[in-house]
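Encoded as structure tokens, the structure appears first; notes follow it.
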Amino acid sequence: MKTYIVGNWKMNLTVGESSIYLQKLLKRIRPTKGLEIVVAPSVIALQPLGIQLGRAKSKIKLCVQNFYHRDYGAYTGEVSVTQLRGLVDYAIVGHSERRYVFGETNKDLKQKVAAAIRNNITPILCIGETENERNFGETADVLRDELFGALSEIDADDVKKVIVAYEPVWAISGTKGAKIAAPDDVAESINLIRNELKEIYGKEIAEEVPVLYGGSVNPNNAGAYLTIPGVNGLLIGGSSLISDHFVDIIELAKRIRS
Ligand code: PEP
């Protein structure tokens with residue numbers, strides 16, 4: 001299975017800044033077998049970055065941070081994954097900021113996962129409990145609910161086209177009072193997610209679904225998360241905005257893989 005290093009730039013960087021960042025990245029990274037490097041810039045930067053990548057598209061993949069589930073139509077202000085075909089390979093679905101700031105529900109996310117798969121774009125489905133849910137011992141229930149809320153209509157063939165990202169909301173740097181998750185706690189949740197997938201889709205298929213970790217990852221703690229059994233990569237917010245940090249994490253992932 002590949003290792004995925006995904007940078008989520010959120011609502012940061014202008015188109016010009018995004019382009020300068022990409023230039024730095026292109027200079028510093030070499031394609032490495034088994035390592036998939038993905039960046040999710042603002043939607044307005046996708047097209048220029050796609051052109052800038054040109055033949056280097058195999059070196060760095062583009063990801064959209066959000067989209068609407070319909071393919072075309074009278075949906076003012078929205079962008080569909082159909083319109084993004086050929087431009088992005090990945091789409092983030094269900095990021096906690098989408099769930100809690102924009103009120104996206106499991107029903108919305110189920111439609112988004114289906115739309116991404118229908119358009120041959122890999123959804124990166126984010127799931128994770130809030131601090132309160134964790135304190136009340138509800139982590140397992142929340143993970144199960146968010147996982148199957150979004151995947152309930154996805155069959156065994158299609159689930160292999162999905163990436164799951166475990167992102168405890170309380171560990172995301174943008175969350176007020178964010179904390180660093182202990183690798184043992186992350187391991188427990190990753191295990192839980194994998195077991196849920198096994199129960200529904202069977203062992204063989206469940207093992208083909210990449211599961212990433214995300215939440216305050218930086219060059220100092222990335223190694224500890226990447227070496228958790230069952231973790232197939234990282235989804236990185238804040239630290240991915242600093243190209244040197246992102247490259248350091250990529251280099252670390254290369255060393256761990258080899
Ligand atoms: C994220 O927003 O997906 C994320 C993991 O952010 P951060 O790395 O900043 O905690």
Side-chain angles (χ1 to χ4, degrees), residues 1-6 8 36 38 63 90-100 104-106 108-110 112-114 116-117 122-172 175 179-217 221-222 224-237 253:
M1 168 138 15
K2 283 183 188 171
T3 299
Y4 297 81
I5 303 295
V6 185
N8 175 14
E36 185 83 335
V38 183
C63 175
Y90 297 91
I92 297 174
V93 174
H95 190 281
S96 59
E97 287 146 21
R98 299 297 319 170
R99 293 178 191 264
Y100 297 107
E104 290 189 5
T105 62
N106 280 342
D108 299 318
L109 303 174
K110 185 196 298 192
K112 287 188 180 205
V113 168
I117 290 175
T122 304
I124 302 176
L125 172 67
C126 302
I127 61 173
E129 78 287 0
T130 61
E131 187 167 29
N132 266 346
E133 288 164 342
R134 186 170 196 82
N135 292 343
F136 282 110
E138 294 168 356
T139 300
D141 288 341
V142 171
L143 295 182
R144 200 174 298 121
D145 179 59
E146 292 188 345
L147 192 61
F148 296 114
L151 298 182
S152 60
E153 284 165 21
I154 300 299
D155 64 17
D157 273 342
D158 281 344
V159 82
K160 293 190 236 165
K161 302 171 191 160
V162 174
I163 294 177
V164 176
Y166 171 54
E167 296 213 307
V169 182
W170 50 271
I172 293 183
T175 303
K179 299 183 176 74
I180 303 276
D184 282 353
D185 290 336
V186 174
E188 205 175 295
S189 295
I190 296 285
N191 213 16
L192 221 140
I193 293 167
R194 191 76 68 188
N195 284 338
E196 288 297 332
L197 289 168
K198 279 184 192 162
E199 210 162 286
I200 306 291
Y201 297 105
K203 186 169 183 287
E204 222 170 284
I205 287 168
E207 274 165 8
E208 285 186 47
V209 179
V211 181
L212 317 186
Y213 173 70
S216 297
V217 173
N221 62 22
Y225 295 126
L226 273 172
T227 46
I228 294 172
V231 167
N232 308 111
L234 302 169
L235 177 52
I236 309 155

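Everything numeric in this text was worked out from a predicted model, so none of it was measured.
In this structure, the separation between CD1 on I228 and CG on N191 is 11.0 Å, given to the nearest 0.5 Å. Here the CZ-CG distance, from R98 to D108, works out to 9.5 Å after rounding to the nearest 0.5 Å. Rounding to the nearest 0.5 Å gives a distance of 5.0 Å between NE2 of H95 and CG of N8. If you take NZ on K203 and CG on N195, they are separated by 10.5 Å, rounding to the nearest 0.5 Å. The CG atom of L212 sits 8.0 Å away from the CD1 atom of I190 when rounded to the nearest 0.5 Å. Rounding to the nearest 0.5 angstrom, the gap separating the CG atom in L125 from the NZ atom in K110 is 12.5 Å.
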Review point. Stepwise, does the side-chain contact (heavy atoms from CB on, under 4.5 Å) test hold for E208 with V162?
Key: CA-CA 9 Å; E208 285 186 47; V162 174; over 6 Å; no
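Between R194 and E207 no salt bridge is recorded (no basic side-chain N to carboxylate O distance below 4.0 Å).
Between P210 and M1, some side-chain heavy-atom pair lies under the 4.5 Å cut-off. Side-chain contact between V113 and K161 is absent, with no heavy-atom pair separated by less than 4.5 Å. Between E131 and T175 the shortest side-chain heavy-atom distance does not fall below 4.5 Å. Side chains of L147 and L197 form a contact here, defined as non-hydrogen atoms less than 4.5 Å apart. With a 4.5 Å cut-off on side-chain heavy atoms, V93 and E104 do not count as touching.
The minimum heavy-atom distance linking L226 with T3 is given by the pair CD2-CG2, 4.1 Å. Counting all heavy atoms, side chain and backbone alike, I154 lies closest to Y201 at O-OH, 2.8 Å. A156 and I205 get closest at one heavy-atom pair: CB-CD1, 3.4 Å. Closest heavy-atom contact between P168 and G214: CD-O, 3.5 Å. Closest heavy-atom contact between C126 and E167: SG-OE1, 3.9 Å. Shortest non-hydrogen contact noted between Y166 and G128 is CE1-CA, 4.1 Å.
Remark: the backbone N or O of A181 is paired with a side-chain donor or acceptor of Y225 at under 3.5 angstrom. N221 places a side-chain N or O within donor-acceptor distance of the main-chain N or O of S216, the cut-off being under 3.5 Å.
No more than 12 heavy atoms of other residues, nucleotides or ligands shown are found within 6.0 angstrom of CZ on F136. At most 12 non-hydrogen atoms from other residues, nucleotides or ligands lie less than 6.0 angstrom from CD of E188.
For the residue pair W170/E133, the side-chain donor-acceptor check at 3.5 Å is not satisfied.
Classified by interplanar angle (parallel below 30°, tilted 30° to 60°, perpendicular above 60°), the ring pair Y90/Y4 is perpendicular.
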